[in-house]
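As the structure is a prediction and not an experimental result, all values here were calculated from the model.
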Amino acid sequence: MKMFPPHISAVLDGYEIPAAAQAALYDLYLFFGSPVLEAFADLVTVLPSTARVQPEDLSDLKLMVVDRFLERWHPRWLEGAPTPSLYHPREAEGRAAGSAAPVGDFNEEGEGPAAESARLAREIVGKNESLPRGILIVSRHAHFGGRANTVSFDIVAAEIEHAKQLGRAAGRQHTLPGSAGATTGAMEGAAALLWEIQPNVYKPEGMRNREISALFRKHRNWHVATLTSALIWLRTRCPETWILKGSALELTHEVNPAEPIGELVPEHYDRTVHRVCSHLGIVLDDARESDRDRLLGSVLMNSALAAAVSAAPPGSFLWRVHWRADA
């Protein structure tokens, strides 16, 4: 089992941190890098004994890291400056972060590519529907789980306190804290595969996320906003683009057997894809046999999708994007 570099292990051993706690801390270190060690150093000062630290004592570390991350980098995003990502590529083993690059203010009354995406999203949802307001951010190598070559599109709340509320909320929290949800895929050169339109926070229901009910309503069309933004950003960069079909979501994602995806999630996912693509003049075609070698020779698919595409027609799992309606 991999553990910390020797110089970090020596410090933890010096404070007599138990092996089980060190292992749990190392898992968090792979996700968040050195910020989790800084948070841990503060956390143990309020615990009775470092020699009795247990894995369950580390349950607040992620929220500490998220709050500090937003306090440090949210002002930079407002200035338009790129920053490190929250989640680290797993292959870097905690030593390096991905990147989070602001595109601009997602505001239909503004200027620039983010504002263009906002205006298009407004046309899709209609004038009476809410639309997220915030900072459109494109992240690379920054998805939960540490998979390399990912590209994610988030709209982080413009007000830092709102961003913190979303970052603390119960949910999947797979991309940047402060975003209600994201569109994510993989990118290699001039090719991309979008494989997720994923909520970061659960829809408020009963007591769950009750404290963000009003804020969530303002961001509830995050799925249209982020997919629109993703396609606008990719159309000039990736002439070869594919989108995962809703029927392949359960196959290609790690799903808790106790919480199956069910039928509604793929239906809503497909509806969003068709709704946005139709408005943008994008034609979706089933992936062809000629796409198989191109996809299998790339880093765009995870192992589950690659195995499926190897065994069955790729059109069973993927749409190919034609950027012009007359293509």
Side-chain angles (χ1 to χ4, degrees), residues 106 108 113 116-132 136 138 151-155 172 174-175 179-187 191-200 203 219-253 255 260-291 295 300-301 305 308-309 312-327:
F106 191 84
E108 57 203 281
E116 177 192 1
S117 295
R119 284 190 287 271
L120 289 167
R122 168 60 66 200
E123 292 173 3
I124 295 170
V125 302
K127 64 180 182 179
N128 295 323
E129 284 287 321
S130 61
L131 198 64
L136 173 59
V138 179
V151 56
S152 299
F153 301 82
D154 287 89
I155 298 168
R172 304 291 183 182
H174 278 182
T175 51
S179 158
T183 292
T184 297
M187 185 174 170
L193 166 62
L194 295 178
W195 39 255
E196 187 173 86
I197 307 170
Q198 173 81 13
N200 281 328
K203 181 179 179 180
H219 286 257
R220 64 192 179 96
N221 278 308
W222 62 266
H223 53 299
V224 172
T226 59
L227 179 58
T228 300
S229 300
L231 291 169
I232 294 300
W233 192 87
L234 289 171
R235 69 181 177 184
T236 58
R237 294 170 174 82
C238 295
E240 288 187 298
T241 294
W242 294 266
I243 302 177
L244 189 75
K245 293 185 174 183
S247 58
L249 286 172
E250 190 156 18
L251 169 69
T252 58
H253 288 68
V255 178
I261 287 179
E263 297 180 359
L264 288 180
V265 170
E267 288 178 7
H268 290 165
Y269 172 95
D270 286 349
R271 186 181 306 127
T272 298
V273 171
H274 285 297
R275 184 182 183 192
V276 172
C277 287
S278 175
H279 189 83
L280 298 182
I282 292 171
V283 172
L284 296 175
D285 187 19
D286 287 348
R288 304 166 186 169
E289 293 297 325
S290 58
D291 294 319
L295 288 163
L300 299 177
M301 300 188 294
L305 181 57
V309 168
S316 302
F317 312 102
L318 301 167
W319 289 298
R320 185 182 180 101
V321 167
H322 297 281
W323 292 109
R324 291 171 56 89
D326 57 350

(message) Can you confirm whether Leu305 sits close enough to Trp195 that some side-chain heavy atom of one is under 4.5 Å from a side-chain heavy atom of the other?
(response) no

(message) Quick check: do Thr226 and Ser179 have side-chain heavy atoms less than 4.5 Å from each other?
(response) no

(request) Would you confirm whether Arg122, through its side chain, and Glu129, through its main-chain N or O, come within 3.5 Å as a donor-acceptor pair? (result) yes

(message) With side chain to side chain contact (heavy atoms under 4.5 Å, CB included) as the criterion, how do Trp323 and Ile282 come out once you've worked through the C-alpha distance, each side chain's angles and the decisive distance to 0.1 Å?
(response) CA-CA 5 Å; Trp323 292 109; Ile282 292 171; 3.7 Å; yes

(request) Dump the intermediate steps for side chain to side chain contact (heavy atoms under 4.5 Å, CB included) on His268 and His223, then the final yes or no. (result) CA-CA 10 Å; His268 290 165; His223 53 299; over 6 Å; no

(message) Do Asp154 and Trp222 have side chains that approach each other closer than 4.5 Å (heavy atoms only, starting at C-beta)?
(response) no

(message) Taking Ile124's backbone N and O only, do any of them form a donor-acceptor pair with Arg275's side chain (distance below 3.5 Å, no angle check)?
(response) yes

(request) For residues Gln198 and Arg172, report the shortest heavy-atom separation together with the two atoms involved. (result) NE2-CG, 2.8 Å

(request) Dump the intermediate steps for side chain to side chain contact (heavy atoms under 4.5 Å, CB included) on Glu116 and Ile232, then the final yes or no. (result) CA-CA 9 Å; Glu116 177 192 1; Ile232 294 300; 4.1 Å; yes

(message) Taking side chain to side chain contact (heavy atoms under 4.5 Å, CB included) as the criterion, tell me which of Val276, Thr183, Ile197 meets it with Val224.
(response) Val276

(request) I would like to know whether Leu194 and Leu227 meet side chain to side chain contact (heavy atoms under 4.5 Å, CB included); could you show each step before the answer? (result) CA-CA 9 Å; Leu194 295 178; Leu227 179 58; 4.0 Å; yes

(message) Please check this pair: side chain of Asn200 against backbone of His174, looking for a donor-acceptor N/O pair closer than 3.5 Å.
(response) yes

(request) With rounding to the nearest 0.5 Å, note down the distance linking CE in Met187 to OG1 in Thr241. (result) 8.5 Å

(request) Compare all side-chain heavy atoms of Val151 with those of Thr184 and state whether any distance is below 4.5 angstrom. (result) no

(request) Give, for atom CG of Leu131 and atom CD1 of Ile155, the distance between the pair rounded to the nearest 0.5 Å. (result) 7.0 Å

(message) Is there a side-chain contact between Trp319 and His274 in this structure, where contact means two heavy atoms from C-beta onward sitting under 4.5 Å apart?
(response) yes

(request) For residues Pro266 and Leu249, report the shortest heavy-atom separation together with the two atoms involved. (result) CA-CD1, 4.2 Å

(message) Looking at every heavy atom in both Arg320 and Trp242, which two are closest together, and how far apart are they?
(response) NH1-CZ2, 3.2 Å

(request) Locate the shortest heavy-atom distance separating Ser316 from Ser247; write the atom from each residue and the value. (result) O-OG, 3.8 Å

(request) Return the minimal non-hydrogen interatomic distance between Pro132 and Phe106, and the atom names on each side. (result) O-CD2, 3.2 Å

(message) Which residue is it: Asp286, Thr252, Asp270? I am looking for the one with a side chain to side chain donor-acceptor pair (under 3.5 Å) to Lys245.
(response) Asp286

(message) Quick check: closest heavy atoms across Ala225 and Ala121, and the distance to 0.1 Å?
(response) CA-CB, 4.2 Å

(message) Around atom CD of Glu289, are there more than 12 heavy atoms from other residues, nucleotides or ligands closer than 6.0 Å?
(response) yes

(message) I'd like to check His253 versus Leu244 (side-chain heavy atoms, cut-off strictly below 4.5 Å). Are they in contact?
(response) yes

